There are 2 protein chains.
Amino acid sequence: MPEQSPGSRPTLEAVAARAGVSRATASRVVNGGAGVRQSLADKVREAVEELGYVPNQAARSLVTRQSGAVAVIIAEPEFRIFSDPFFEQQVRGISRELTANDAQLVLLWVEGPGDYDRIARYLAGGHVDGALAFSLHNDDGLPALIRRAKVPTVFGGRPGAGAAAVPYVDCDNRGGARTAVRHLVGLGRERIAHIAGPRDQTSAIDRADGYRDVLFDADPALTAQGDFTEDSGARAMAELLERRPDLDAVFAANDLMAAGALRVLRERGRRVPDQVAVVGFDDMVTVAESAKPSLTTVRQDIEGMGRLMVRLLTRVLSQDGDGRHVGAPASVIMPTELVRRASA
Amino acid sequence: MPEQSPGSRPTLEAVAARAGVSRATASRVVNGGAGVRQSLADKVREAVEELGYVPNQAARSLVTRQSGAVAVIIAEPEFRIFSDPFFEQQVRGISRELTANDAQLVLLWVEGPGDYDRIARYLAGGHVDGALAFSLHNDDGLPALIRRAKVPTVFGGRPGAGAAAVPYVDCDNRGGARTAVRHLVGLGRERIAHIAGPRDQTSAIDRADGYRDVLFDADPALTAQGDFTEDSGARAMAELLERRPDLDAVFAANDLMAAGALRVLRERGRRVPDQVAVVGFDDMVTVAESAKPSLTTVRQDIEGMGRLMVRLLTRVLSQDGDGRHVGAPASVIMPTELVRRASA
DNA sequence: ATGAAAGCGCTAACAG
DNA sequence: CTGTTAGCGCTTTCAT
């Protein structure tokens with residue numbers, strides 16, 4: 001980016017001169033004003049007001065070695081399937097909490113491994129105090145890269161087994177899945193199928209585990225594999241109906257796949273929920289409410305997770321600074337909630 | 001945000017020492033290496049490599065008075081209705097082009113007028129070299145605020161009449177609308193209705209103008225007012241059918257409203273496109289392709305617009321710096337394209 | 001409680 | 001072509 005307009009802004013020096021104090025005192029006032037006589041502090045604040053002084057962040061960073069910024073790393077190709085609600089809500093939560101902490105959000109949009117170098121350099125450049133990332137794929141190189149950059153980072157979603165112990169925020173995928181399946185059991189269903197998500201994403205794995213927690217002796221033929229897309233849900237449903245035409249319920253690992261399943265059930269003339277009850281996961285409102293019939297699903301508080309990621313990062317950062325033993329960083333698991341609609 | 005881990009990074013001084021040159025020479029090499037003997041440059045690069053040196057951006061900014069960052073200002077409450085494709089594509093375009101310019105994207109998420117102060121302070125703080133904003137509402141205070149902050153800014157979407165002449169990137173809303181309406185005319189339709197978008201958004205106004213360009217003598221009863229939501233499109237369609245049951249085509253100012261219109265037409269038993277042809281605007285693929293019947297619409301290259309916003313900003317920034325006369329900043333209007341599907 | 005002074009790490013004249 | 005020298009604007013000991 002080329003140069004900027006030269007409209008020079010007032011410096012702390014100018015403020016100090018105007019207030020008739022030293023730069024040091026002016027600095028103290030600007031940074032909270034502890035230990036400065038009231039009368040002087042007022043004068044400084046007045047000068048700040050009159051001059052329209054705004055601290056130069058670069059100068060401040062240079063000496064404090066803090067940027068006041070946090071990177072949010074978005075791996076776009078993976079985020080796409082979640083489309084609007086997920087991304088927007090998560091970023092909103094993060095943004096809100098960051099704002100509350102007077103920190104800035106720097107968006108690092110990763111399109112592929114080709115961007116890794118750039119990201120690594122940026123992280124290492126001390127541009128940000130910490131980072132927020134989403135561990136969507138188990139085998140992704142991103143977590144490793146972030147670890148090497150040695151920037152305090154909190155993950156959204158439990159990282160895969162390959163990753164070292166890192167702090168993360170996730171919803172209770174396994175518990176939520178259990179709740180969903182128990183709900184189906186409570187409805188009297190006896191042949192409950194599962195449409196699983198990708199095997200390399202921990203959320204999908206955990207949800208499948210939850211299913212098995214309740215139905216530990218379920219027929220393996222009652223589980224089909226999807227990839228979180230609607231089409232894959234439709235395919236999986238068709239497969240399940242072929243293998244076990246007698247099934248009377250299905251728990252899909254996300255709403256999109258549940259929507260695909262509903263479509264197939266409708267096409268095959270199976271009545272939902274009478275003949276087959278369906279439960280999804282996520283509560284993507286746009287999907288769940290417009291599904292026919294509307295989808296019973298497990299809700300997770302995505303925005304809240306975003307906010308918690310920031311809080312957790314704040315804690316990690318202050319630990320680091322204190323030089324205290326960091327130890328195994330605490331992670332946070334958020335509760336889920338069953339939202340009953342028409343499909344089960 | 002609290003302090004950062006103390007793992008001190010190597011400085012340029014260290015690199016210079018290791019390469020056996022002065023700091024100035026090392027700096028030159030790091031910044032392109034023009035005018036440095038090859039052998040020395042190599043030595044410096046080697047030292048950089050060995051030490052894992054990464055320039056400290058704060059120090060650099062302090063002297064160059066450039067941040068290498070651009071703010072993207074998102075007014076969330078207004079963006080929401082566009083949901084996933086619009087936001088994601090635009091940000092992707094911006095991010096790509098910014099990356100190509102080695103600039104960072106700082107996301108400023110505005111939730112309401114309560115955030116204006118914070119935004120103004122941030123912009124004034126010299127944290128960013130320029131800003132990208134979206135002028136979605138005519139009466140919004142944001143454009144004025146941005147102007148006051150004196151940060152070079154490019155808008156996405158033509159700002160309303162109230163705003164001073166500012167550079168912006170927009171698609172050819174008016175021309176696109178003309179194309180859509182002419183297409184309907186070419187289909188032999190004679191009573192073509194228009195479902196207009198909000199009167200305070202220039203995109204909606206321009207599209208309505210395009211409609212009138214072609215049908216300058218159209219019955220005013222053939223135009224109904226919507227607000228870009230699907231429901232409003234449905235309501236407008238119902239209204240139109242009441243007023244002019246003989247209508248044989250409708251051009252909706254966006255795809256969401258077109259989808260609402262299709263729904264009502266279906267409910268009322270009007271065959272599309274036989275009895276009523278429908279054209280939308282935007283080509284939101286998720287909406288247009290899954291509509292029944294699939295929607296003929298006007299496509300705009302949203303990602304391309306994002307990229308162009310960055311290019312235009314780059315140009316504005318370099319003009320400013322040169323001290324050349326800035327004059328009326330050039331804006332960019334991108335072409336649109338009619339995408340034929342089943343509805344018209 | 002306040003001020004003087006010393007840098008933070010880097011770039012950019014300016015000499016040589 | 002290279003090195004020397006000043007700062008950029010701010011925070012922060014350290015005296016007072």
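Small disclaimer: the values here were computed from a predicted structure and weren't measured. Lettering follows sequence order; numbering is per chain, from 1.
- The main-chain N or O of A:Gln57 is found under 3.5 Å from a side-chain atom of A:Ser61 such that the two form a donor-acceptor pair.
- Side-chain contact annotation: B:Asn31 with B:Arg60, donor-acceptor N/O pair under 3.5 Å present.
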Can you give one letter per nucleotide of nucleotides 6-16 of chain C, 5' to 3': B if a protein heavy atom sits under 4.0 Å from the base, S if only from the sugar-phosphate, - if neither?
B-BBBBBB---
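- Looking at B:Tyr53 and B:Leu12, their side chains come closer than 4.5 Å, going by heavy atoms from C-beta outward.
- B:Leu107 is not listed as a side-chain neighbour of A:Val72, based on a closest heavy-atom distance of 4.5 Å or more.
- In this entry the distance linking CD of B:Gln66 with C1' of D:dC8 reads 13 Å, nearest Å.
- In the helix from C:dA1-D:dT16 to C:dG16-D:dC1, the end axes, each obtained as the rotation axis mapping the C1' atoms of four pairs onto the next four within a five-pair block, lie 40° apart to the nearest 10 degrees.
- With a 4.5 Å cut-off on side-chain heavy atoms, A:Leu105 and B:Trp109 do not count as touching.
- The phosphate of C:dG3 (OP1 or OP2) has a side-chain N or O of A:Thr25 nearer than 4.0 angstrom.
- Side-chain contact between B:Ile73 and B:Leu132 is absent, with no heavy-atom pair separated by less than 4.5 Å.
- Taking the ring-ring contact (aromatic ring centres under 6.0 Å, His included) definition, one finds that B:Phe155 meets it with nothing, sequence neighbours left out.
- A side-chain contact (heavy atoms from CB on, under 4.5 Å) with A:Leu308 holds for exactly one of A:Ile333, A:Ile94, A:Val332; it is A:Val332.
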